[in-house]
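Data block below; observations after.
For reference, positions follow the sequence shown, starting with 1.
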Amino acid sequence: MSRMTPFSNPLLLGFDSVERTLERLQKSGDGYPPYNIERIHAGAGDDRIQTDAGGGDTVIRITLAVAGFGPGDLDITTEENQLTIRGSQADQKDRDFLYRGIASRQFQRSFLFADGMRILGAELRNGLLSIDLARPKPERVVKKIDIVVAD
């Protein structure tokens with residue numbers, strides 16, 4: 001018996017990659033580190049956004065709570081349309097903890113982004129890692145298809 005999915009409709013052509021993406025997102029259920037995703041408006045006062053984002057672009061900011069991680073403990077990479085943030089802290093052997101309530105756990109958090117999006121940059125401030133992405137304004141394309149008569 002074959003599995004029926006919302007994207008198996010014959011009117012939805014070429015959406016099989018979207019289905020695989022949704023399946024991959026469902027499998028990543030770890031909630032660490034916590035994060036926010038917000039839309040940044042042009043008048044937000046951030047110089048990085050004003051200079052790097054093009055006119056009409058929407059800027060998306062992903063902010064992760066990475067308290068205790070320094071720039072050397074974090075790794076940000078992109079592959080195809082996936083942004084991956086990894087964090088790992090080296091165990092400090094010279095410290096003698098009487099109580100350890102702050103875990104130094106490793107993490108990996110991935111985000112998928114649409115075609116055409118650009119990474120503007122990343123900033124670590126006060127234990128918050130902010131990554132800005134620009135989404136270009138979509139162009140509306142209307143194309144006339146000629147009909148060939150074959151008699």
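Shortest non-hydrogen contact noted between Ile76 and Ala122 is CD1-CB, 3.7 Å. The shortest non-hydrogen separation linking Phe107 to Pro33 is CD1-CD, 3.4 Å. Here the shortest heavy-atom pairing between Lys137 and Asp57 reads N-OD1, 3.7 Å.
In this structure, the separation between CD on Gln89 and CD on Gln106 is 9.5 Å, given to the nearest 0.5 Å. Put simply, OG1 on Thr63 and CG on Asp132 are 7.5 Å apart, with the number rounded to the nearest 0.5 Å. To the nearest 0.5 Å, atom CD1 of residue Ile147 and atom NZ of residue Lys144 are 6.5 Å apart.
Residues forming a side-chain hydrogen bond (donor to acceptor under 3.5 Å, both in side chains) with Asp96 (at least two apart in sequence, or on another chain): none. The side chain to side chain contact (heavy atoms under 4.5 Å, CB included) search around Pro34 returns Tyr32, Ala65, not counting sequence neighbours. Here Tyr99 pairs with nothing under the side chain to side chain contact (heavy atoms under 4.5 Å, CB included) rule; sequence neighbours left out. In this structure Arg39 satisfies the side chain to side chain contact (heavy atoms under 4.5 Å, CB included) test together with His41, Thr58, sequence neighbours excluded. In terms of the ring-ring contact (aromatic ring centres under 6.0 Å, His included) criterion, Phe113 has no residue partners (sequence neighbours excluded). Legend: residues meeting side chain to side chain contact (heavy atoms under 4.5 Å, CB included) with Arg140, ordered by chain and number and at least two apart, are Val142. Looking at residues two or more places apart in sequence or on another chain, you find no side-chain hydrogen bond (donor to acceptor under 3.5 Å, both in side chains) involving Asp73.
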Verdict with supporting geometry, Ile62 and Asn36, side chain to side chain contact (heavy atoms under 4.5 Å, CB included): CA-CA 6 Å; Ile62 302 170; Asn36 293 336; over 6 Å; no
Intermediate values then yes/no, side chain to side chain contact (heavy atoms under 4.5 Å, CB included), Ile85 and Phe111: CA-CA 9 Å; Ile85 302 106; Phe111 299 92; 3.7 Å; yes
Test side chain to side chain contact (heavy atoms under 4.5 Å, CB included) applied to Val59 and Leu120, step by step: CA-CA 9 Å; Val59 176; Leu120 298 178; 4.2 Å; yes
Derivation of the side chain to side chain contact (heavy atoms under 4.5 Å, CB included) call for Leu64 and Arg109: CA-CA 9 Å; Leu64 289 91; Arg109 171 71 67 185; 4.1 Å; yes
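Put simply, Leu128 and Leu83 are part of two different groups of oily side chains (I, L, V, M, F, W, Y) that touch within less than 4.5 Å, one to the next. Tyr35 and Val66 fall within the same hydrophobic cluster, defined by Ile, Leu, Val, Met, Phe, Trp and Tyr side-chain heavy atoms under 4.5 Å apart, directly or through other members.
Side-chain contact between Thr84 and Arg86 is present, with heavy atoms from C-beta onward closer than 4.5 Å. For the pair Ile119 and Thr78, the minimum side-chain heavy-atom distance is below 4.5 Å. The shortest side-chain heavy-atom distance between Leu74 and Leu129 falls under the 4.5 Å cut-off. Between Ile60 and Met117 the shortest side-chain heavy-atom distance falls below 4.5 Å.
Judged purely by distance below 3.5 Å, without hydrogens or angles, the side chains of Glu123 and Ser130 never pair a donor atom with an acceptor atom.
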